[in-house]
Amino acid sequence: KTKELSDKLDGTWNTRFETQQKDYFSTIKDSFGSISNAIIKNISVNPKIADTGLGIADVNLRNAVDEVQTVRGLVDNYKARAEKAATDAEKKTFEDMASKMETILSSSITETTKIVAASGVELNVGTDGFKAMTEISANIGVIKDSAVLTSTLDAMKTLTGTGRSTSFNTFVKNITRG
């Protein structure tokens, strides 16, 4: 009888513990979702999060590059947190957030590339366009999700030929290898 009672109690306690654990991780996931949504809204309302330090004079282009760098920082942060996660569930939550941020990074990269294309600036070393596209090139390497990376490169390929400068078109071809 004692064994039966012990087994029954163990089952009850294990069920309660599992329920509490699921609730706990659900709360953590919701909190991170809320935080990332607030960050995303802040980026869309106030894209100038942090100065790139690249010395880009064009305000629109500087704001776009600032957004790329800010979102990249979030991607890096979530990936680092995933590596240090205490549990598999926590690790998955951080990996999911990093994945979402990679999608936003992809969008920011594409929009910044469009701004450079529309500006018509030549991409000579030291120009705002060159600085922006060099930053874009560096940030594409952060995207590890193959579908997001393919989508980003495809979007950039469609911009080839839309730039009003030949150096832009060459730069994009080199980035996308296409």
Could you tell me the separation between the [atom1] atom of [X] and the [atom2] atom of [Y], rounded to the nearest 0.5 Å?
X      : Y      : atom1 : atom2 : value
Phe94  : Glu83  : CZ    : CD    : 12.0 Å
Met101 : Thr103 : CE    : OG1   : 9.0 Å
Thr158 : Leu153 : OG1   : CG    : 11.0 Å
Asn77  : Met97  : CG    : CE    : 10.5 Å
Thr113 : Phe171 : OG1   : CZ    : 10.0 Å
Ile109 : Met133 : CD1   : CE    : 9.5 Å

For a quick test of reading the model, state the closest non-hydrogen atom pair linking [X] to [Y] and the distance between them.
X      : Y      : answer
Leu105 : Ile143 : CD2-CG1, 4.0 Å
Val148 : Ser106 : CG1-CB, 3.7 Å
Lys144 : Glu102 : N-OE2, 3.2 Å
Val142 : Lys79  : O-NZ, 2.9 Å
Leu61  : Thr112 : CD1-CG2, 4.1 Å

Examine Val65 and Val59 and state if one hydrophobic cluster contains both, with Ile, Leu, Val, Met, Phe, Trp and Tyr joined whenever side-chain heavy atoms are less than 4.5 Å apart.
-> no
Thr127: side-chain contact (heavy atoms from CB on, under 4.5 Å) partners, not counting sequence neighbours = Asn124, Phe130
Set of residues satisfying side-chain contact (heavy atoms from CB on, under 4.5 Å) with respect to Thr150, sequence neighbours excluded = Asp154
Would you check if the side chain of [X] reaches a backbone N or O of [Y] as a donor-acceptor pair within less than 3.5 Å?
X      : Y      : value
Arg62  : Ile56  : yes
Thr70  : Asp66  : yes
Ser137 : Thr134 : no

Residue pair Arg72, Asp76: steps toward the salt bridge (charged side-chain N to carboxylate O under 4.0 Å, His left out) verdict = CA-CA 6 Å; Arg72 183 218 173 128; Asp76 291 343; 3.1 Å; yes
Side chains of Glu67 and Asn63: do they bring a donor and an acceptor to under 3.5 Å?
-> no
How far apart are the C-alpha atoms of Glu95 and Lys92, what are their side-chain angles, what is the distance that settles it, and do they pass the salt bridge (charged side-chain N to carboxylate O under 4.0 Å, His left out) test?
-> CA-CA 5 Å; Glu95 287 172 343; Lys92 178 153 178 26; over 6 Å; no
Could you give me the CA-CA distance, side-chain angles and deciding distance for Val71 and Asn139, then say whether side chain to side chain contact (heavy atoms under 4.5 Å, CB included) is met?
-> CA-CA 10 Å; Val71 176; Asn139 281 284; over 6 Å; no
List the steps, then state whether side chain to side chain contact (heavy atoms under 4.5 Å, CB included) holds for Val172 with Lys157.
-> CA-CA 7 Å; Val172 171; Lys157 285 177 186 176; 6.0 Å; no
Can you find a pair of side-chain heavy atoms, one from Leu123 and one from Val116, that are under 4.5 Å apart?
-> yes
Under the side chain to side chain donor-acceptor pair (under 3.5 Å) test, residues paired with Asp145 that sit two or more places apart | none
